[in-house]
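Nothing here was measured: the structure is a model prediction, and the numbers come from that model. Just follow the structure's listing: the first ligand is 1, and inside any ligand the first atom is 1.
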Amino acid sequence: MSPDAPRSGPHGVEAGGAPTGDAAVDTLVSREVRRRRDTVQLLASETEPTPGVRAAMASVFDAKYAEGYPGARYHGGCEVTDELEELAVGRARALFGAEYVNVQPLSGSAANLAVYAAFAQPGDPVLALRLEHGGHQTHGSRANFSGRWFSPLHYEVRRDDELVDYDQVRDLALVHRPRILVAGAASYSRTFDFATLRRIADEAECILWVDAAHLAGHIAAGLLPSPVPHADIVTLSTNKVIRGPRGGVILARAEHGEALRKAVFPFVQGGPAMHSVAAKAVAFAESGTDEFAGHVRRAVDNARGLATELAARGARVVSGGTDIHLVVVDVSGFGISGMDAQHRLGAAGIVVDKAVLPFDTRPVSEGSAIRIGTPVATERGMTAAMHPVVADAMAAAMSTRDRETHERIRREIAALAYG
Ligand SMILES: *Cc1c(COP(=O)(O)O)cnc(C)c1O
């Protein structure tokens with residue numbers, strides 16, 4: 001296959017978009033198309049938006065200013081936009097079974113900021129999974145508003161099985177009486193026990209918020225139990241497993257709707273990105289199909305298959321496996337840090353994120369793990385037959401710092417048929 005021949009996946013995922021007419025930008029777009037095409041994409045937080053989602057993102061709605069909500073806007077000419085937002089809200093409500101839906105958050109982090117704004121005052125205690133144990137920076141990291149403006153408390157995973165320690169969650173909740181109990185994670189391969197968390201939140205009389213950024217696609221596809229019946233609030237990203245635009249969504253019980261509405265606009269944001277709302281509407285409809293459920297199921301199978309093959313080659317899979325599309329892999333068996341692993345794999349054309357282990361002995365800047373995820377590789381046709389091939393390439397790349405070996409693996413990876 002010639003290096004420039006497009007190798008389309010089921011959704012034409014090689015599309016870089018229509019030419020912009022700006023030579024400098026167009027050059028970067030084609031280079032990025034080539035980079036993605038010629039490397040194995042294993043970033044757990046990336047997806048491939050579908051052609052319908054891309055078309056909506058490029059639609060006329062990008063031009064529309066629509067501060068406010070349907071029927072109560074601060075701008076003229078919003079009659080069509082109102083219908084669009086109601087369409088998106090109605091589809092999300094049907095997909096997730098939620099009473100209140102807000103589709104305006106510009107990102108997952110913006111949705112999370114709105115949750116704090118709606119339910120906590122500066123200084124209030126908030127209890128969440130520790131960042132180094134898989135949590136997210138918006139769950140109380142000192143570098144983020146959540147850790148600077150609120151008083152973070154953190155629960156952890158257990159040392160022995162690396163699963164969330166619900167006894168510790170309960171103890172911390174009852175002693176410290178947080179305003180909000182947060183579940184959800186960026187680098188934890190398991191789902192959460194929502195019923196147990198609900199009982200703890202009731203005992204401690206706090207809000208239960210599930211940040212389902214990585215779980216939303218699995219929940220939409222009906223492959224994992226939904227947090228919606230248990231949680232006060234659920235936030236999600238439409239660009240992780242759901243094949244939608246970059247953006248956030250808030251789901252909530254009806255009683256919380258008014259507070260969230262005001263928190264998103266005007267507290268956190270101005271005008272919504274209506275092209276993104278259009279793309280969210282497309283993504284919600286597509287996420288209710290059997291085709292999407294099949295995609296998510298394949299992504300999980302690929303994550304499990306790759307994890308098994310890596311474990312057979314000297315890696316250790318954190319918590320022993322995965323329920324979702326991502327796996328955290330301890331690479332200390334290769335005598336390298338997570339950062340070294342990211343660099344060596346990157347040189348060999350395999351794109352992953354470094355990660356830290358729970359109770360890691362290395363500094364956070366290095367870590368002893370990588371986080372791999374399969375939504376993009378799955379979209380591009382990864383099958384079980386490829387798991388040993390990719391795992392061999394990963395093990396070989398992590399075992400050396402030799403540039404020529406990395407180059408050779410990179411060429412082999414680029415030639416790997418993706419369907
Ligand atoms: C990805 C993610 C978010 C949102 O991130 P954005 O980049 O702001 O969209 C929030 N919470 C968790 C747990 C995440 O993994």
Can you tell which of Val164, Val210, Val169 makes a side-chain contact (heavy atoms from CB on, under 4.5 Å) with Leu197? Val169

Looking at Tyr69, I want to see if its OH is surrounded by more than 12 non-hydrogen atoms of other residues, nucleotides or ligands under 6.0 Å. yes

With a cutoff of 4.0 Å, is Gly248 in contact with ligand 1, counting heavy atoms of the residue only? no

Does ligand 1 have any atom that is closer than 4.0 Å to a heavy atom of Ser237? yes

State the atoms of ligand 1, each with its element, that fall below the 4.0 Å cut-off from a heavy-atom position in Asn112. 10 (C), 11 (N)

Which of the atoms in ligand 1, numbered in the order shown and given with their element, are less than 4.0 Å from a heavy-atom of His214? 15 (O)

Distance (rounded to the nearest 0.5 Å) between Ser187 OG and His214 NE2: 8.0 Å

Is there a nitrogen or oxygen of Asp211 sitting under 3.5 Å from a nitrogen or oxygen of ligand 1? yes

If I apply the N/O under 3.5 Å rule, does Ala186 come out as touching ligand 1? no

To atom 1 (C) of ligand 1, the nearest of His136, Gln137, Arg246, Lys240 on a heavy-atom basis is Lys240

Would you call Arg198 and Asp202 a salt bridge, using N to O less than 4.0 angstrom? yes

Is the shortest side-chain N to carboxylate O distance from Arg54 to Glu48 below 4.0 Å? yes

Would you check if there is a donor-acceptor pair between the side chains of Asp323 and Thr191 at a distance under 3.5 Å? no

Report yes or no: do Asn302 and Thr374 form a side-chain donor-acceptor pair below 3.5 Å? no

Among all protein heavy atoms, pick the one closest to atom 8 (O) of ligand 1 and tell me residue, atom and distance. Ser109 OG, 2.6 Å

Closest approach of any protein heavy atom to atom 9 (O) of ligand 1, naming residue and atom: Gly108 N, 3.0 Å

Just let me know how Ala185 lines up against ligand 1, side chain, backbone, both or neither, with a heavy-atom cut-off below 4.0 Å. backbone

